[in-house]
Amino acid sequence: MRITNRIMQRNNLSNINTNKMYRDRLSTQMSSQKKINRPSDDPVVAIRALRLRSNVTEITQYYTKNIPDAESWLKVTEDALSVLAGIITNMGSRCDKAVNSYMTTNERQILLEEMRNLGESVYATGDADYAGRYVFTGYRTDTPLSFLSAKEQNYTITEQLDKSAIDSVTKVDTKKLLDVNSGNYADGAHDITEDDISSVEVHRIRLAYGDCSDKGNPQIKFYDANGNEQTWDSAGGIVKTMHSYDNPYAEAAKDPDSVIYVPETGELLLGENRYKELMATKDSDTTATKNEAEIRVTYDKENWKKGDLRPEHYFYCKTQETDAAGNKKDVIYNDTYLTEGAERQSIEYDVGYNQTIRINSTADECFQHGIGREVDDIANAMQEVLDLENLQVELEKIRDSLPGGDTRLDTVGKQLDAVKKALTLAKEKEQKLFEHGITAFKDYLGKATLCVTNTGSRSSKLELVKNRTQNQKTTFDTLKSNNEDIDITEVAIELEAAELTYDAALMAAGKVMQTTLLNFI
C-alpha cells in the first residue's frame, strides 16, 4: 500500500487530537475532582454513583435531622417527667411528715398551701413542648394538656375503669356547726351538741373530675358475675343525684341499694349491695373481644378551670365545636378507645433503615387525674380541720367574754363539745388520708419513674442507633468518594505525561510535515 503525505498528515492529526482529548479529560477531572462528568463517560460508575448518593442522602437525613429531632424530643420529655417525679416525691414526703408528727394550726396551714401549690404545678409540667409541639398529648401536638384559661364547654366523658377504682371515703357530718359565729351562736338555730356530730364511711368511685354537671345523671355500664351487661342510670331509678349540702354520704350509708351521684365532688357513692355487685366483676378468659371487668361511667362536665386536664387526651368523649361559618357540629374524640385492645397515640420516628423508635409518652401514662384528686381530698380534709380549729378558738373567746351565770354559757359549752368531737373525727379522717396518700403517691411515683425509665431506655437505644448510623455514614461517604472522586496524585502524573506526549507528538508531526516529494527530486 502506498503511503502518501496526505495519509501521514491525517494520521498525525488524528493521533494528536486523541492525545488532546485525553489531556482534556484529565484536565477536567483535575478541575472537577470527579472521575466522570456524564453517564456516558463510564456507565458502571454512573449507576453505582446514583445508588451510593441515594444511600448517603437517606443516612444524612437520619443522622442530621431525624435523630437530633428525636433526641431533643426525648430530652424535653425526660426533663418534664423528672420534674413530675420530684413533685410527687415532695407530695409523699409531706404526707409522711404529717402522719408522723403533731401539727399546730400554723403548721397545718403551711402544709395545706404547700400541697395546693404542688397540686397546681403537677399538671403545668405536662404542658411542656418541643418546637411548638406539646409532647404529652399524643397526635394532638397542637393542643395543650390542660386548659390554659377558664372555659365553658360541655363534654360527655366516658371513663373506662375497673373495680380497683372503688375506694372508701369518710365524711364527718357537722350539721350547721361551721356556720356558727359571734353573731348567731345563741340564736337558737345553732344549738348543736356533740350527739349531733357523726361520721360515716361509704364506698365510692371517684371520677376524674369534680364540679361536674348536674343536668343529667351519669350512666354506669358493667358486666355482672354471670356475664350479663348491666346499666345503672336515673332512667332505671338506680342512680340518684344529690348535692354535697344534702349529706349524700349518710344516704348512701343507710341504703344498701343506693347509687348517689355528687356532681360537686365528682363522686359516685355506692350502697353496700351495689358495691358488692361491682366488686364481683371479672374478666372472662373465654371472650377475647370484650373486657367483662371494665366499668364504664359516662357523665357530663361543662365548667372548666385553668389547669384542668383536657378530657380529649384521656377518654372517649363528645363535645360540640363551632366551625368557621358559626355552625355547631358534634366532635368525637378517641372513638377507638371503647374497642378492646385499642392502641394509644404513639409517635414514632424513622431513625434508620426499617428502624423506628417511639419518642413520646402519653398523658394517661404519667400525668394521671388521680394525683390531683388525691391532693384535693387531702386539702379538703385539712381545710375542714382548720375551719374547726378556728371555730374552736372563736367559741372559746366568746365563752371567756361572757360573765358568770350567763345562760348563753351552756349553749357555748355544748357547741364547744360538739366542735371537739367533730375535730377529733376530722383529724382521724385527715390522718387516714395522709396514710392513704403515702401509698397513693408512691404508686404514682412508680408510674412516673417507669415513664422516666422508658424514656431513658429509648434515649439509650437512640444513642446506639446514632453511633451505628454515624459509622454507616462514614462507610457510604468513603464508598461514594472511592467511586466518584479521583486520586489527584495519580491524575496529576497522568496529566503531566499526557502533556509531554502531546508536545512530543506536535514536534514529531512538525518534523515529518516538513518533508515532501520535492525534497527527493
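A salt bridge links K447 with D443: at least one charged nitrogen is closer than 4.0 Å to a carboxylate oxygen. In this structure, R133 pairs ionically with D69, as a charged nitrogen and a carboxylate oxygen lie closer than 4.0 Å. Ion pairing between a basic and an acidic side chain is recognised when a charged N comes within 4.0 Å of a carboxylate O; E430 and K427 show no such pairing. Taking a cutoff of 4.0 Å between a charged side-chain nitrogen and a carboxylate oxygen, R204 and D377 qualify as a salt bridge. A salt bridge does not link E312 to R140: none of the charged side-chain nitrogens sits closer than 4.0 Å to a carboxylate oxygen.
For E292, the side-chain contact (heavy atoms from CB on, under 4.5 Å) criterion is met by Y223, D283, S284, T287, K290, not counting sequence neighbours. In this view, E152 satisfies the side chain to side chain donor-acceptor pair (under 3.5 Å) rule with no residue, not counting sequence neighbours.
With hydrogens and angles disregarded, no donor-acceptor distance shorter than 3.5 Å links the side chain of K414 to the backbone of D191. Using modelled atom types, one side-chain atom of R296 and one backbone atom of L338 make a donor-acceptor pair closer than 3.5 Å. Between the K301 side chain and the N303 main chain, a donor and an acceptor come within less than 3.5 Å of each other. Under the 3.5 Å distance criterion, the side-chain polar atoms of R206 are left unmatched by any main-chain donor or acceptor of E267. When atom types are taken as modelled, the side chain of E374 and the backbone of A440 share no donor-acceptor pair closer than 3.5 angstrom. Checked by atom type and distance alone, the side chain of S199 never pairs as donor or acceptor with a backbone atom of K171 at under 3.5 Å. Between the K429 side chain and the T170 main chain, a donor and an acceptor come within less than 3.5 Å of each other. D376 places no side-chain N or O within 3.5 Å of a backbone atom of A379 that could act as its donor or acceptor partner. Here the side chain of N184 pairs a donor or acceptor atom with the backbone of D179 at under 3.5 angstrom. Side-chain atoms of T125 come within 3.5 Å of backbone N or O of S121 as a donor-acceptor pair.
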Item to check | Y337 and Y314: CA distance, side-chain angles, deciding distance, side chain to side chain contact (heavy atoms under 4.5 Å, CB included) verdict | outcome: CA-CA 9 Å; Y337 280 19; Y314 292 86; over 6 Å; no
Exercise for review: Tell me, with the steps shown, if E277 and R274 meet salt bridge (Lys or Arg N to Asp or Glu O under 4.0 Å).
Suggested key: CA-CA 5 Å; E277 283 187 68; R274 302 299 181 182; 3.3 Å; yes
Original post:
Between S182 and E394, does a side chain to side chain contact (heavy atoms under 4.5 Å, CB included) hold up when you go through it step by step?
Top reply: CA-CA 8 Å; S182 59; E394 185 175 0; 3.9 Å; yes
### Full working for side chain to side chain contact (heavy atoms under 4.5 Å, CB included) between L416 and V412
CA-CA 6 Å; L416 275 171; V412 174; 4.2 Å; yes
Original post:
R358 and R458: side chain to side chain contact (heavy atoms under 4.5 Å, CB included), yes or no, with the steps?
Top reply: CA-CA 7 Å; R358 180 182 175 184; R458 293 165 191 158; 3.7 Å; yes
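A distance of 7.0 Å separates CG of D173 from CD1 of I197, quoted to the nearest 0.5 Å. Between the OG1 atom of T319 and the CD atom of E302 there is a distance of 10.5 Å, given to the nearest 0.5 Å. Taking CG from L268 and CD1 from I205, the interatomic distance works out to 5.5 Å, rounded to the nearest 0.5 Å. The line from CG of N334 to CD1 of I157 is 11.5 Å long, rounded to the nearest 0.5 Å. For the atom pair L74 CG and K461 NZ, the distance stands at 11.0 Å (nearest 0.5 Å). With rounding to the nearest 0.5 angstrom, the OH atom of Y134 is 10.0 Å from the OG1 atom of T141.
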Name the atoms and distances for all side-chain donor-acceptor pairs under 3.5 Å in residues 143-151, with sequence neighbours left out.
{"unit_1": "S146", "atom_1": "OG", "unit_2": "D127", "atom_2": "OD2", "d": "2.7"}
{"unit_1": "K151", "atom_1": "NZ", "unit_2": "Q153", "atom_2": "OE1", "d": "2.9"}

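Across all their heavy atoms, M242 and E264 have their closest contact at O-OE1, 4.4 Å. Heavy atoms only, all atoms of each residue included: D96 and I438 are closest at CA-CD1, 3.7 Å. The minimum heavy-atom distance linking V262 with P248 is given by the pair CG2-CG, 3.6 Å. Looking at every heavy atom in both residues, P311 comes nearest to Y155 through CG-CD2, 3.5 Å. Closest approach of Y299 to A208, counting heavy atoms only: OH-N, 3.8 Å. For the residue pair G404 and L409, the shortest heavy atom distance occurs at CA-CD1, 4.2 Å.
If you run side chain to side chain donor-acceptor pair (under 3.5 Å) between E294 and each of K221, Q160, K163, only Q160 comes through.
When only modelled atom types and interatomic distance are considered, D300 and T156 share a side-chain donor-acceptor pair under 3.5 Å. For the residue pair Q383 / D387, a side-chain donor-acceptor distance below 3.5 Å is found, with atom types taken as modelled. With 3.5 Å as the limit, one finds a donor-acceptor pair spanning the side chains of S164 and D162.
Proximity of V122 to L84: side-chain heavy atoms (C-beta onward) are separated by under 4.5 Å at one or more points. Between L391 and V180 there is a side-chain heavy-atom pair separated by less than 4.5 Å. Side chains of E71 and E463 form a contact here, defined as non-hydrogen atoms less than 4.5 Å apart. Counting heavy atoms from C-beta outward, F441 and V375 have side chains that approach closer than 4.5 Å. Side-chain contact between M91 and Y444 is absent, with no heavy-atom pair separated by less than 4.5 Å. Between N360 and V135 there is no side-chain heavy-atom pair separated by less than 4.5 Å. The side-chain heavy atoms of D233 and I238, taken from C-beta on, include no pair separated by under 4.5 Å. No side-chain heavy atom of Y316 sits less than 4.5 Å from a side-chain heavy atom of T336.
At most 12 heavy atoms of other shown residues, nucleotides or ligands fall within 6.0 angstrom of atom NZ in K318.
Here F315 and H369 bring their ring centres to under 6.0 angstrom of each other.
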